[in-house]
Engineer: 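Below is the structure I would like to discuss, written out as C-alpha cells.
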Amino acid sequence: MPVKNNRLTNEQYEASFSDIHPPYESITAAKVDANRCLFCYDAPCMKSCPTSIDVPKFIKQIATENIKGSAKTIFSSNIMGAGCSKVCPVEKLCEGACVYNLLEEEPIPIAKLQRYSTEMAMKEKWQLFERKPSPSGAGGVRRVAIVGAGPAGLSCAHVLSREGIDVTIYEKESKGGGLMTYGIAAYKVTPQFCEDEVNYILSIGGIEIRYNQELGKDITLSQLKKEYDAVYLGIGVGVARQLDIPGEKLEGVTDAIRFIYDIRTKGYPAVPVGDKVAVIGMGMTAIDAATQAKRLGAKEVTLVYRRTEAEKPCTDVELDIARTDGCGIIWLAAPKKIKGTQGKVKQLVCSVMKLGEPDASGRRSPVDTGETFTLDVDMVIKAAGQVPFEKLVKKYNLDNKNGKIVINENCATNIKGVFAGGDAVNGGKEVVDAVQAGKDGARAILKYLAP
Ligand code: SF4
C-alpha cells in the first residue's frame, strides 16, 4: 500500500480539479434567476451576510443589466466578494436565509449571481473605487503596516487605501490571499483565480505587499511600531492541532493544512497520497482534504468523526461533495492509536464513541464506549482544527486567550497603535468573517489616526 505521487495523467488531474461551480454562460441566464428575486424589504439574505452585502440591490442591478453597478454594490461591502461567492457556506448564510426556503422553493442562487458580476469586474479590470488624496495635517501622510495578506489584511488595506492611507503589507508567504490561496480545495478556487483577486484588490494603488516577510523572524513588532503610524495584525491561525495519540510521527501521517498547502503550491502530480486514506475530522478543511485525496487518486478515503451527522461542523453541501466523490464516513469514532511497520503507517485504531451530555459548544459530547475497531490505512490526514500562533503572540506580550489575541470594541490590542482581527482573534471562522474584521479594523485605525 504505497503513498506515492503522480498517480494520474495531467488530463485526469485537470478534470479532477476543475471548477466545481459552473458559472452563468450568458447575461440572459443570470437575468432569469435575478428576476425571480422578490427584492425583499429588510432582506434576510442581507442580514445573514457578515459583510452586509446589499443583496436585493445587486440582484436588481443584474436584472437591469447594470453589471458594473452590481459589482460596485458587492465590492463596497466585501472587496473579496468574488472569492466569497465561491467559498462561502451560503447554505447557512445568505441563501439559507432567502425567503424562498419558507415557501419550500429553491432559494435565489445569490452566490452564482454575485460571482457573475464580480468576475466580470475582475476580467474587465473595472476600477470602481477612487483613492482619496492622502490626508495631510500635522502628522503628514499616514502610513499603516499590516501583517498578513489574507482576507482580513487585504480587506483592511483596501478600506484604508480608499481613504488615502499608504499601506504596506508584510506577508510570510510568496503570494497573497492567505487561507483563500493556501487553505481551500483547488476545485473551489484555483490558484490563478486567487492571484487575480489579489491583483484586483491591489489595483486601487497605495498598497504594497512585501512577500516572504515573517513577523518574529524577518520583521519585529517594535520595528513596525516605530516605522508606521499604526499596525494591524491579521496573522490568522496556522498551526494544526495535534491528536496526541501514539504513532503520530509515523511516515504517512500528515495534517490537512500541510496537505492542502502542498496541493496549492507544488502542483497536483507532486503531492503523494496513499491507497487507503483516513481523514480525522469533519470540518470544511477535513472535507477539502478528503475530497482532494480522492481526486489525487487515492483508492479509498474514509472520514472519521467522533460525533454524529447531527453535530458535524461542515455543511450538508460539503458533506454531499465528499459523498459524491466516493469518500466513506464513519460516525462516532475517535482515533486512539496509529500503528505502523518499518516506520510507515499501516493501521488506524479507533475508539467507538457514543453521545453524552452537551458540552460548551452546545453539542452532545462524544463519550468513549471502551470498544475499538481497526482500519487498514497507509495514510492518515489530521484535520482536527488549527490553533493560534500562541508563542508569537506571547513573545510580543499581546493580551491573549490561549493564543487568540484579545481586542477591545475598537479592534485595539493592549499595545497602543496595534490593532488586530480575523482568525488571529476569533480562532478561525469563514473568509467572509475575516473580510468584515478587516473592515472593522480599518475603521478603528482611521478613527485612531484622525487629527
Ligand atoms: Fe431576493 Fe431571497 Fe434576498 Fe428576498 S431573501 S431579497 S428573494 S435573495
Side-chain angles (χ1 to χ4, degrees), residues 1 3 16-17 20 87 89 91-92 183-188 240-245 247-248 250 252-263 271-339 345-355 361 363-366 368-369 371-386 428:
M1 290 194 288
V3 177
S16 291
F17 287 90
I20 197 171
V87 305
E91 56 280 8
K92 63 178 187 189
I184 289 179
Y187 56 78
K188 291 183 188 165
R241 196 183 299 281
Q242 297 303 307
L243 299 175
D244 292 328
I245 58 171
E248 232 171 323
L250 286 167
V253 181
T254 187
D255 67 74
I257 304 299
R258 167 57 50 191
F259 182 64
I260 296 171
Y261 180 93
D262 285 349
I263 293 172
V271 182
V273 70
D275 274 342
K276 292 186 171 192
V277 182
V279 179
I280 316 293
M282 197 54 78
M284 186 197 81
T285 305
I287 301 285
D288 281 2
T291 51
Q292 292 193 109
K294 201 81 180 36
R295 287 164 192 242
L296 284 175
K299 292 187 180 130
E300 271 179 45
V301 176
T302 308
L303 282 146
V304 175
Y305 182 53
R306 59 199 182 126
R307 305 183 204 236
T308 72
E309 185 168 351
E311 294 82 27
K312 69 184 186 311
C314 70
T315 65
D316 290 343
V317 171
E318 284 164 345
L319 190 60
D320 280 351
I321 297 173
R323 283 184 166 138
T324 308
D325 278 5
C327 300
I329 297 165
I330 302 179
W331 304 106
L332 289 169
K336 187 179 168 68
K337 187 193 287 186
I338 304 168
K339 288 182 171 176
V345 173
K346 283 283 171 225
Q347 288 180 319
L348 174 68
V349 182
C350 295
S351 300
V352 177
M353 313 299 277
K354 64 178 181 184
L355 289 182
S361 71
R363 297 173 301 167
R364 291 182 66 189
S365 56
D368 195 338
T369 62
E371 286 174 48
T372 60
F373 66 92
T374 301
L375 290 175
D376 287 334
V377 292
D378 52 11
M379 186 177 196
V380 174
I381 303 177
K382 302 177 286 181
Q386 285 166 267

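The structure displayed is predicted, hence computed values, not measured ones.
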Engineer: Between Arg306 and Ala333 (side chain of the first, backbone of the second, donor and acceptor by atom type, cut-off under 3.5 Å), is there such a pair?
Structural biologist: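 Side chain of Arg306 to backbone of Ala333, a donor-acceptor pair under 3.5 Å: no, none is there.
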Engineer: Closest approach of Arg364 and Arg307, non-hydrogen atoms and distance?
Structural biologist: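 Minimum heavy-atom separation between Arg364 and Arg307: O-NH1, 2.9 Å.
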Engineer: Checking Gln292 side chain against Ala289 main chain: does a donor-acceptor pair fall under 3.5 Å?
Structural biologist: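 Pair absent, no side-chain N/O of Gln292 close to backbone of Ala289.
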Engineer: Name the residue from Ile280, Thr291, Val277, Ile287 that meets the side-chain contact (heavy atoms from CB on, under 4.5 Å) definition with Leu303.
Structural biologist: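 Of the listed options, the one satisfying the test is Ile287.
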Engineer: For Gln347 and Thr374, test the side chains for any donor-to-acceptor distance below 3.5 angstrom and give the result as yes or no.
Structural biologist: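 Note: Gln347 and Thr374 side chains miss the donor-acceptor criterion.
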Engineer: Does Lys382 come within less than 4.0 Å of Asp255, counting only side-chain N to carboxylate O?
Structural biologist: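 The answer is no: the pair does not qualify as a salt bridge.
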Engineer: Taking all non-hydrogen atoms of both residues into account, name the closest pair between Ile260 and Gly183 and its distance.
Structural biologist: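 In terms of heavy atoms, the two residues are closest at CG2-C, 3.6 Å.
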Engineer: I need the minimum non-hydrogen distance between Asp288 and Ile184, along with the two atoms involved.
Structural biologist: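 Heavy atoms of Asp288 and Ile184 come nearest at OD2-CA, 3.7 Å.
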Engineer: With side chains defined as the heavy atoms from C-beta onward, is the minimum distance between Val349 and Phe373 less than 4.5 Å?
Structural biologist: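 Heavy-atom side-chain distance check fails, nothing below 4.5 Å.
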Engineer: Do Thr308 and Leu332 have side chains that get closer than 4.5 Å, going by heavy atoms?
Structural biologist: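 Answer yes - side chains close enough.
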Engineer: Would you name the heavy atoms of Ser16 and Arg295 that are closest together and state the gap between them?
Structural biologist: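 Heavy atoms only, the tightest pair is O-NH1, 2.7 Å.
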Engineer: Less than 4.0 Å between a side-chain N and a carboxylate O, is that true for Lys354 and Asp368?
Structural biologist: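 No, this pair does not count.
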Engineer: Test your reading of the model: is there a side-chain donor-acceptor pair from Arg241 to the backbone of Ala384, 3.5 Å cut-off?
Structural biologist: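 Indeed, once roles are kept as given, a pair shorter than 3.5 Å links the two residues.
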Engineer: When rounded to the nearest 0.5 angstrom, what is the spacing between CD in Glu300 and OG1 in Thr302?
Structural biologist: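 It comes to 6.0 Å.
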Engineer: If I compare all heavy atoms of Gly247 with all of Val253, which pair ends up nearest, and what's the gap?
Structural biologist: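 Between these two residues, the closest heavy atoms are O-CG2, 3.7 Å.
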Engineer: Looking at side-chain heavy atoms only, is the closest gap between Met379 and Phe259 below 4.5 Å?
Structural biologist: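 With C-beta onward as the side chain, the pair touches.
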Engineer: If you round to the nearest 0.5 Å, how far is OG of Ser361 from CD of Glu311?
Structural biologist: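 Going from the CD atom of Glu311 to the OG atom of Ser361 covers 8.5 Å.
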Engineer: Within the 4.5 Å heavy-atom criterion, are Lys336 and Thr372 side-chain neighbours or not?
Structural biologist: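 Contact flag for Lys336/Thr372 side chains = yes.
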Engineer: Going by heavy atoms in the side chains, are Glu309 and Cys314 under 4.5 Å from each other?
Structural biologist: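 Not in contact.
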Engineer: In sequence, state the C-alpha distance, the side-chain angles, and the governing distance for Cys350 and Ile330, and then conclude on side-chain contact (heavy atoms from CB on, under 4.5 Å).
Structural biologist: CA-CA 10 Å; Cys350 295; Ile330 302 179; over 6 Å; no
Engineer: If I take atom CG from residue Asp376 and atom CG from residue Leu348, how far apart are they, to the nearest 0.5 angstrom?
Structural biologist: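 These two atoms lie 10.0 Å from each other.
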Engineer: So do the side chains of Leu355 and Arg363 get within less than 4.5 Å of each other, counting heavy atoms only?
Structural biologist: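 SC-SC contact between Leu355 and Arg363 ruled out.
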Engineer: Would you say the side chain of Leu319 lies within less than 4.5 Å of the side chain of Ile329, judging by non-hydrogen atoms?
Structural biologist: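 Ile329 vs Leu319: side chains touch.
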Engineer: Quick one: CD1 on Ile20 to OG1 on Thr324, what's the gap to the nearest 0.5 Å?
Structural biologist: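 These two atoms lie 8.0 Å from each other.
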Engineer: Would you say that Asp316 contacts Glu91 through its side chain, given a criterion of any heavy-atom pair below 4.5 Å between the two side chains?
Structural biologist: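 Result no, sub-4.5 Å side-chain heavy-atom pair not found.
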Engineer: Relative to the ring of Tyr305, is the ring of Trp331 parallel (under 30°), tilted (30 to 60°) or perpendicular (over 60°)?
Structural biologist: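 Ring orientation, 0 to 90° scale: perpendicular.
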Engineer: Are Val377 and Val345 close enough, and set up right, to give a side-chain contact (heavy atoms from CB on, under 4.5 Å), and what steps lead you there?
Structural biologist: CA-CA 7 Å; Val377 292; Val345 173; 3.9 Å; yes
Engineer: Any idea which heavy atoms bring Asp378 and Lys276 closest together, and the distance?
Structural biologist: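 That would be OD1-O, 2.7 Å.
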